[in-house]
Every structure is written in C-alpha cells, then in structure tokens.
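Here the structure is laid out as structure tokens; the discussion comes afterwards.
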Amino acid sequence: MPQIIVKGVSASRMEKLASPLIETVSRLVECPEDWVTVELCESKFFTKEGLTEQYPIIQIWWYERPQAVQDQVAKELSELFLKEGFSLVQISFHLFDKKDYYEFE
C-alpha cells in the first residue's frame, strides 16, 4: 500500500517511469519502497473518429493521508510525467478504510 494504477502510457515508457514514481511516493508517504505497487493497465482509448492517443490517468489507492501529503504526491507525480513529454496528466486518489482492507501471507 499505496497501490498505483496507470492507464494511457505505453509499457516502455512506464518501465522508465516506474522507479522514480515508486521512489517519490515512498519518500512522500514515508513507507518502504516495497509497499508501493504500480500496475499498468494497457488500455485503448477512442473518440468518435476512432483510436486515439491518451494522456496518463493515474489512480492512487491508499489509506487516508493529510491533504498536504496528497497535494505533494499529485504535484510531484504530475511533474514526473510532464517532464516525459505528456501534455496532460490526470491523478485521482481513492481511499481504503483500514477496516475494509485485508492482506494475507
């Protein structure tokens, strides 16, 4: 935890971005890097005209954190993707209630 789901990015570009993304989130939420997971959902996006290029859509699932931390995560991740040449980045946060999240080993 946190779990990061990315859409609208090719696998080759995501390979380059995964490490700094994990490092950034880990640093800002003060958790070990191996707690951060990144999933790439290779999606196809369409307009009325057909298949189209897409901007990154990033969903972050985590336990509630202070607004300042959330704002900083959004800021630094958007900067990371914008530096890679994307013209737009969409980031949304989704909360797990600790009582509703289970993990077994």
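Reckoned from all heavy atoms, side chains included, excluding hydrogens, waters and symmetry mates.
Between the CD atom of E30 and the CZ atom of R65 there is a distance of 9.5 Å, given to the nearest 0.5 Å. Annotation: the span from L77 atom CG to Q72 atom CD amounts to 10.0 Å, rounded to 0.5 Å. With rounding to the nearest 0.5 Å, the separation of CZ in F81 from CD1 in I91 is 7.5 Å. Put simply, OG on S43 and CD1 on I57 are 7.5 Å apart, with the number rounded to the nearest 0.5 Å. Atom CD1 of residue I22 and atom OG1 of residue T37 lie 8.0 Å apart, to the nearest 0.5 angstrom. Atom-to-atom distance recorded for S78:OG and Q90:CD is 12.5 Å, nearest 0.5 angstrom.
Salt bridge absent: R13 and E84 never bring a charged side-chain N and a carboxylate O closer than 4.0 Å. R27 has a carboxylate O that lies under 4.0 Å from a charged side-chain N of E76, or vice versa, which qualifies the two as a salt bridge. Between E79 and K83 there is no salt bridge, since no side-chain nitrogen of the basic residue lies less than 4.0 Å from a carboxylate oxygen of the acidic one.
Enclosure of atom CD in Q67 by more than 12 non-hydrogen atoms of other residues, nucleotides or ligands within 6.0 angstrom is indicated. Annotation for E33: atom CD counts as buried by contact number, over 12 foreign heavy atoms lying within 6.0 Å.
Side chains of Y63 and Y101 form a contact here, defined as non-hydrogen atoms less than 4.5 Å apart. Side-chain contact between I60 and Q3 is absent, with no heavy atoms from C-beta onward closer than 4.5 Å. Proximity of V89 to Y55: side-chain heavy atoms (C-beta onward) are nowhere separated by under 4.5 Å. In this structure the side chain of I58 reaches within 4.5 angstrom of the side chain of I4, judged on heavy atoms. Under the 4.5 Å side-chain criterion, counting only non-hydrogen atoms from C-beta, V38 is not in contact with L17. A 4.5 Å side-chain heavy-atom check between S19 and E23 finds at least one atom pair inside the cut-off. In this structure the side chain of Q54 never reaches within 4.5 angstrom of the side chain of K7, judged on heavy atoms. P2 has its side chain within reach of C31: a pair of non-hydrogen atoms, C-beta onward, lies under 4.5 Å apart.
The nearest pair of heavy atoms linking V6 to M14 is CG1-SD, 3.8 Å. Annotation for C41 and I5: closest pair SG-CG2, 3.6 Å, computed over non-hydrogen atoms. Across F86 and P56, no two heavy atoms sit closer than the pair CD2-CD, 3.4 Å. Closest of all the heavy-atom pairs between V29 and V69 is CG1-CG1, 4.0 Å.
Separation of the F96 and W62 ring centroids does not fall under the 6.0 Å cut-off.
Note on F93: it clusters hydrophobically with M1, by side-chain heavy-atom contacts below 4.5 Å among ILVMFWY residues.
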